[in-house]
Each structure stands twice: as structure tokens, then as C-alpha cells.
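All figures in this text were calculated on a predicted structure; none of them were measured in a lab. Atoms considered below: every heavy atom in the structure, side chains included; atoms not considered: hydrogens, waters and symmetry mates. Start at 1 and go down the list; that is how both ligands and their atoms are numbered.
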Amino acid sequence: MILAGIYIHIPFCRQKCHYCNFHFAVSQRNKSLLIDAILLEIDLSKDYLDNRSIQTLYFGGGTPSLLKPSELESILQKIHSVYRIETGAEITLEANPDDIQPGYLNDLKELGINRLSLGVQSFDDDILQLLNRSHNAKDAIRSIQNIVDAGFDDFSIDLIFGMPGSDVDSWKKQLDQALEFPVPHFSFYNLTVEKRTALNHLVKTKQVILPEEEIMARQFSFTHSYMAEKGYEHYEISNYALPGRYARHNTAYWKGEPYLGIGPSAHSFNGISRQWNIANNGRYINSIQQGFLPFESEWLTPEDHYNEYLLTRMRTMWGCELDDIRNMGNVFERHFLNNIAPYLGDGRVIAQEGNFSLSLQGMLFADAITSGLFFHE
Ligand code: SF4
């Protein structure tokens with residue numbers, strides 16, 4: 001039986017981090033109206049997943065830990081009333097360190113939230129300030145300790161490498177600080193400069209100087225070997241887990257399983273089409289209040305299916321299976337084999353019994369390699 005996931009986007013943040021281009025609002029004026037709209041959307045979109053059972057629920061954002069336990073409870077109750085949730089389903093909440101207090105953690109546990117994804121980003125106060133994060137290093141350390149003390153054994157920590165002024169040694173210190181705790185899962189992202197962000201302005205005006213690309217590549221490669229020494233599997237370009245402790249929600253996404261996205265800007269995929277909600281809180285609320293789901297959608301062509309398969313699978317240690325590509329049609333198999341040859345030749349892709357995955361060197365060029373394999377009419 002094919003299972004499915006549900007993603008709920010909570011579009012509020014305490015303040016705007018300088019590097020962020022996600023959809024959120026700092027004002028929480030519309031919070032209750034938005035939660036009411038989310039509850040309505042869950043009803044309105046109940047047929048999207050075609051009666052599939054839910055194996056993962058994911059509260060992302062924005063900052064879902066800004067929601068009170070009673071607000072989370074109303075959303076969870078609604079989902080339980082509309083969907084069949086599998087026993088042992090993974091229920092994740094993204095949280096910021098400044099929200100993680102013992103009482104709140106106990107409430108989350110009682111609500112059935114069994115996994116946390118903690119946005120630490122850095123243990124360096126100067127960097128946290130530079131990026132306009134709302135917490136400091138002490139908050140971060142205290143929040144991890146609180147999570148461990150509360151008995152959450154499934155949680156993930158986000159850290160960013162490629163920070164201004166960083167090198168391999170300073171990055172190792174960040175990893176060592178996190179590794180003082182029994183963390184089953186990590187996400188490590190490269191600091192990227194997105195258009196229309198404060199960071200973009202700071203970099204352009206040379207108020208912030210990023211490390212050379214070569215230093216970021218060394219930090220990435222160091223992480224790969226250092227985390228392997230510590231027993232972690234590098235199972236997706238940005239993700240590491242102790243054996244078997246993969247993030248089930250994201251893994252299902254990378255493996256092309258269906259999911260429903262609820263809330264402004266959330267994306268959905270049901271195997272044949274993809275849709276995305278309007279990224280505007282006010283217009284989202286108005287539309288839902290009038291009984292209309294505010295989304296745009298597109299049907300996936302065979303080319304889209306092939307490209308999407310590469311885009312998601314090539315990032316993972318499971319790689320691409322030639323059998324899967326062959327099942328999409330001979331034209332795709334031929335295209336794939338013709339275009340992958342140079343990467344096999346220079347060692348950036350490894351082939352093993354019909355499976356193709358990126359080597360460590362290949363991961364550094366993942367986007368270029370994947371787009372080099374795309375099918376364009
Ligand atoms: S807390 Fe997360 S979503 Fe909110 S502004 Fe910062 S990075 Fe963006």
C-alpha cells in the first residue's frame with residue numbers, strides 16, 4: 001500500500017533572519033484566522049491523497065514552535081478526524097531554540113509530536129547576531145539539553161556551514177559542540193545568498209564577506225569524513241543520520257511518494273500532478289473562507305517525471321535505479337546513459353549493478369550534474 005505524508009506550513013516568525021527567503025510574516029495579527037483557514041483547508045482537500053493512510057506529518061515554516069499547544073492540538077485533531085494516521089507515524093515539529101522550554105516539550109509529547117527539528121544554525125553568538133537569529137548560543141545548548149531531558153529520542157539539528165569568517169577548524173568546533181549530545185540526525189546547509197534578502201545586500205555592499213568556495217567545499221568534505229567517523233550515514237547531500245534514523249517525511253519526498261501541503265505556500269504532489277498554495281497569508285485566508293483552495297497546479301509530463309526523479313533521487317545515497325528509468329521509457333534510458341557517461345569517466349558518479357549515485361566529489365557538483373542529465377524536448 002502506498003502511504004502518504006502531510007506538510008503543514010506555519011507562516012510566522014519572531015523576526016526575519018537575514019538569509020531567509022521562505023514565506024512567513026513577522027506580525028502574528030492573523031494567527032488565529034490563519035489556523036482557522038488551515039482547519040478548513042484540511043477538510044477542503046481531504047480527497048487529494050485518495051484515501052491513503054498517513055505515515056508522516058510535518059509542521060514546517062516559518063516557526064511552528066510559535067504555536068501554542070492548544071493551536072497545535074486543534075490542527076492535529078482535525079487531521080485525525082479526516083485522515084487515517086498509521087500507528088507509529090512520524091510527527092515532526094520544526095522549532096527554534098528560544099521556544100524550547102521543558103513545559104512546552106511535555107505538551108508536545110502529550111500531543112503525540114514525536115520528532116523535533118531544531119534550527120540551531122550556529123553556536124557562535126557573533127554569527128547568530130549577524131544573521132539576525134532570535135536566539136543565542138546559550139539558548140541553543142539549553143534547548144538541546146531540554147529536548148534530551150524531556151525524553152525525545154528522535155530529533156534533528158540544523159547547522160549552517162560556509163559562515164562568514166569560518167574555516168574547517170571553526171566548523172569542526174560547531175560539529176563538536178553539537179556532538180556532545182546524543183543527536184540521531186543532522187541537517188547541514190551551506191549558507192546561500194538568496195535574492196531580495198538582507199544578506200544579499202550585506203554581501204553586495206561588502207559588509208559581510210563569505211568564505212571562498214574552496215573553503216566551503218573543504219568544510220563539506222570534512223563533514224562527510226568526520227561524521228562517518230562518528231557513525232553517521234551521509235544519506236542525502238544535506239542530511240546525516242545514525243544508521244536507520246533517517247527523517248521519514250523527507251525520505252518519502254525524495255523517493256517520490258505523495259504528500260499534501262497545507263497552509264500558504266505549501267506544495268503538494270500526488271504522483272500525477274503538483275500544486276502549490278498562494279504565498280500570501282491574507283489572500284490565503286480570504287480564499288479559504290470563501291470555500292476555494294487557493295492553488296495553482298501543473299500536470300506532470302513523462303519528461304517532468306523523469307527530471308523530478310533525477311532531482312530528488314540523485315541527492316540521496318540510494319541514487320537512481322536504471323530499472324526505474326527504463327520503466328519510464330526507452331527514450332529516457334538512452335538519454336540517461338548517454339549523458340551520465342562523462343560523470344562516470346571522471347568519478348563524480350558511481351555505477352553499481354544498475355544503480356547510479358554521486359561520489360563525494362560528485363555531491364559538490366550535484367546541481368550541475370543533475371541538470372546535465374535533465375531531458376529537454
Ligand atoms: S526562523 Fe526560519 S523561516 Fe523564520 S526567518 Fe528565520 S530562517 Fe526564515
Is Glu94 in contact with ligand 1, taking contact as a heavy-atom separation below 4.0 Å? no
Ligand-residue contact atoms, ligand 1 with Tyr19, heavy atoms, under 4.0 Å: 7 (S)
Which of the ligand 1 atoms, numbered from 1, are nearer than 4.0 Å to a heavy atom of Gln15: 5 (S)
Ring center gap for Phe59 and Tyr7 short of 6.0 angstrom: no
Nearest protein heavy atom with distance in Å, relative to atom 6 (Fe) of ligand 1: Cys17 SG, 2.3 Å
Examine Tyr284 together with His9 and report whether their ring centres are nearer than 6.0 Å. no
Please list, in number order, the atoms of ligand 1 under 4.0 Å from a heavy atom of Phe24. 5 (S)
Any side-chain donor near an acceptor of the partner, Glu298 and Ser273, under 3.5 Å: no
Which residue and atom name correspond to the protein heavy atom nearest atom 3 (S) of ligand 1, and how close is it? Gly62 N, 3.4 Å
Ignoring hydrogens and angles, tell me if any N or O in the side chain of Ser287 forms a donor-acceptor pair with the backbone of Phe292 under 3.5 Å. yes
Is the distance between the ring centroids of Phe188 and Trp171 under 6.0 Å? yes
For ligand 1, is Gly119 a contact, meaning one of its heavy atoms is under 4.0 Å away? no
Between Asn146 and Ser143, a side-chain donor and acceptor under 3.5 Å: no
Decide whether Asn239 and Ser187 meet the rule of one side-chain donor and one side-chain acceptor closer than 3.5 Å. yes
Under 4.0 Å from a heavy atom of Thr63: which atoms of ligand 1 are those, numbered in the order shown and with their elements? 1 (S), 4 (Fe)
Counting backbone and side-chain atoms alike, is an N, O or S atom of Cys13 positioned under 2.8 Å from atom 4 (Fe) of ligand 1? yes
Do you see a donor-acceptor pair shorter than 3.5 Å between the side chains of Ser359 and Gln361? no
Atom 1 (S) of ligand 1: closest protein heavy atom, distance to 0.1 Å, is Asn96 ND2, 3.4 Å
Between ligand 1 and Arg133, can you find any atom pair, the residue atom being a heavy atom, that is separated by under 4.0 Å? yes
Could you tell me the residue and atom name of the protein heavy atom closest to atom 8 (Fe) of ligand 1, and the distance to it rounded to 0.1 Å? Cys20 SG, 2.3 Å
